[in-house]
K.L.:
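Here it is, the structure, as structure tokens.
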Amino acid sequence: MDLPIGHVVTVLEEMGIFEDDTEPCFERWLVARLEGLAPGIRAESERWTRVLRDGGSRSLPRRKVWLFPNQVRPAPLEWSKCYDHLREVTRDDILAHVKMLHGHRRRDQLVALRSLSTWADRQGLIFREPTSRIKVGQNAYAVRQPLLPEQAKRSVAAATTLAARLVLALAAVHAARVAQVAARMLDDVDLGSHRLIIAGRARPLDDLTPELMVELLAYRRSR
């Protein structure tokens, strides 16, 4: 009967005939995450990370134990250039850091920084919790912009089928989403007046899209 290698190692260790002296992957990963930090910030960040993994008042699911230190790292790395300890970090430092972030990156880093600063506050390592009253808010994604005509033509030329070319044109030129492309009907297109309806709104057609539509319809008729 085949046994898992982990079970075999455990049995051999209990019998005293095998000693696993390899460094745990967590320790190697943690060393890499703490590299470049000021000594004081490094020590405090290491304690917080170990609490996340080993348990405590701020323990987290295993997935976040790996995610949070990765998300926090850019801020302490920047602060290490001018600070020695987390207690020197102010609310303005937090705001200046997250100001350059958008969408899920802002949310993830702010949540992770709040976890670190809340833990440090409860341990008496900082004078005031710098992330308090800073709202995470909703993800602010950038507005999708259509490609320029030349960019759209290059993208369409890379497609191998007429259907794929039309889908690319609708996405690249008209910024149509997947569901909007899939829901297009023949009645949504008026080649005579050069109009196309997407998401309930009529918009002018470019030169490329109707050309691809006519080619695709001709191909379908021939079949």
K.L.:
Just verifying a value: how many Å separate His174 NE2 and Ile198 CD1, rounded to the nearest 0.5 Å?
P.N.:
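Interatomic distance, His174 NE2 to Ile198 CD1, rounded to 0.5 Å: 6.0 Å.
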K.L.:
Do Thr90 and Asp93 have a side chain donor and acceptor closer than 3.5 Å?
P.N.:
yes
K.L.:
Side chains of Ile94 and Val89: closer than 4.5 Å at any heavy-atom pair?
P.N.:
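Counting from C-beta outward, Ile94 and Val89 do come under 4.5 Å.
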K.L.:
If you look at every heavy atom in Ser117 and Pro130, which pair is closest and at what distance?
P.N.:
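Ser117 and Pro130 have their closest heavy atoms at CB-CD, 3.8 Å.
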K.L.:
Taking the side chain from Arg184 and the backbone from Ile197, do they hold a donor-acceptor pair closer than 3.5 Å?
P.N.:
yes
K.L.:
Any side-chain to backbone donor/acceptor pair from Arg87 onto Phe127? Under 3.5 Å, distance only.
P.N.:
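No, because the side chain of Arg87 does not come within donor-acceptor range (under 3.5 Å) of the backbone of Phe127.
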K.L.:
Could you tell me whether a side-chain N or O of Glu78 sits under 3.5 Å from a main-chain N or O of Ala75, the two making a donor and an acceptor?
P.N.:
no
K.L.:
I want to check something: taking the side chain as every heavy atom from C-beta on, are Met213 and Leu196 in contact at a cut-off of under 4.5 Å?
P.N.:
yes
K.L.:
Heavy atoms, side chains only, cut-off 4.5 Å: are Leu30 and Arg50 in contact?
P.N.:
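The answer is yes, as the side chains (C-beta and beyond) meet within the 4.5 Å cut-off.
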K.L.:
Is Arg195 reaching over with its side chain to a backbone N or O of Asp190, donor-acceptor style, under 3.5 angstrom?
P.N.:
no
K.L.:
Using the rule given for side chain to side chain contact (heavy atoms under 4.5 Å, CB included), can you reason through Thr161 versus Tyr219, listing the C-alpha separation, both sets of side-chain angles and the distance that settles it, and then say yes or no?
P.N.:
CA-CA 11 Å; Thr161 66; Tyr219 173 72; over 6 Å; no
K.L.:
Under 4.5 Å between any side-chain heavy atoms of Glu46 and Thr49, yes or no?
P.N.:
no
K.L.:
Which value, rounded to the nearest 0.5 Å, describes the distance between Glu211 atom CD and Asp206 atom CG?
P.N.:
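Here the interatomic distance stands at 9.5 Å.
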K.L.:
Are Ile41 and Asp84 close enough, and set up right, to give a side chain to side chain contact (heavy atoms under 4.5 Å, CB included), and what steps lead you there?
P.N.:
CA-CA 6 Å; Ile41 295 179; Asp84 295 321; over 6 Å; no
K.L.:
Do the side chains of Arg47 and Leu125 get nearer than 4.5 Å, heavy atoms only?
P.N.:
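Yes, at least one pair of side-chain atoms sits under 4.5 Å.
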K.L.:
Sub-3.5 Å donor-acceptor pair from the side chain of Arg42 to the main-chain atoms of Leu37, do we have one?
P.N.:
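Absent.
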K.L.:
Decide yes or no for Ser115 and Leu52: does some side-chain heavy atom of the first lie under 4.5 Å from some side-chain heavy atom of the second?
P.N.:
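Yes, side chains in contact.
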K.L.:
Any chance you could measure Arg73, atom CZ, to Glu35, atom CD, to the nearest 0.5 Å?
P.N.:
6.5 Å
K.L.:
Could you please spell out the steps behind the side chain to side chain contact (heavy atoms under 4.5 Å, CB included) verdict for Arg165 and Leu168?
P.N.:
CA-CA 5 Å; Arg165 291 173 185 171; Leu168 276 174; 5.7 Å; no
K.L.:
Check whether any side-chain heavy atom of Ile134 lies under 4.5 Å from a side-chain heavy atom of Arg114, and answer yes or no.
P.N.:
yes
K.L.:
Which heavy atom of Ala199 sits nearest to which heavy atom of Gln180, and what is that distance?
P.N.:
CB-NE2, 3.6 Å
K.L.:
Could you give the distance from CG (Leu170) to CZ (Arg177), rounded to the nearest 0.5 Å?
P.N.:
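Reported value, rounded in 0.5 Å steps: 14.5 Å.
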K.L.:
Counting neighbours of CZ on Arg128 that are heavy atoms of other residues, nucleotides or ligands and sit closer than 6.0 Å, is the number greater than 12?
P.N.:
no
K.L.:
Minimum heavy-atom separation for Gln71 to Gln109, with atom names?
P.N.:
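Closest heavy-atom pair between Gln71 and Gln109: O-CG, 3.3 Å.
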K.L.:
Is it the case that one hydrophobic cluster holds both Leu205 and Leu217, taking links as side-chain heavy atoms less than 4.5 Å apart, direct or via other members?
P.N.:
no
K.L.:
How far apart are the closest heavy atoms of Ser80 and Ala38, and which atoms are they?
P.N.:
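Heavy atoms of Ser80 and Ala38 come nearest at OG-N, 2.9 Å.
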K.L.:
Below 4.5 Å, heavy atoms only, C-beta onward: do Glu88 and Trp79 meet side chain to side chain?
P.N.:
no
K.L.:
So, the side chain of Glu44 versus the backbone of Leu86: is there a donor-acceptor pair under 3.5 Å, distance only?
P.N.:
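Yes, the answer is positive, given that a donor and an acceptor are paired below the 3.5 Å cut-off.
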K.L.:
Can you tell me how far apart CG (Leu208) and CG (Leu166) are? Round to the nearest 0.5 Å.
P.N.:
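Between atom CG of Leu208 and atom CG of Leu166 there are 9.0 Å.
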K.L.:
Identify whether Leu113 and Val111 are in the same connected component of the hydrophobic contact network (ILVMFWY, side-chain heavy atoms under 4.5 Å).
P.N.:
yes
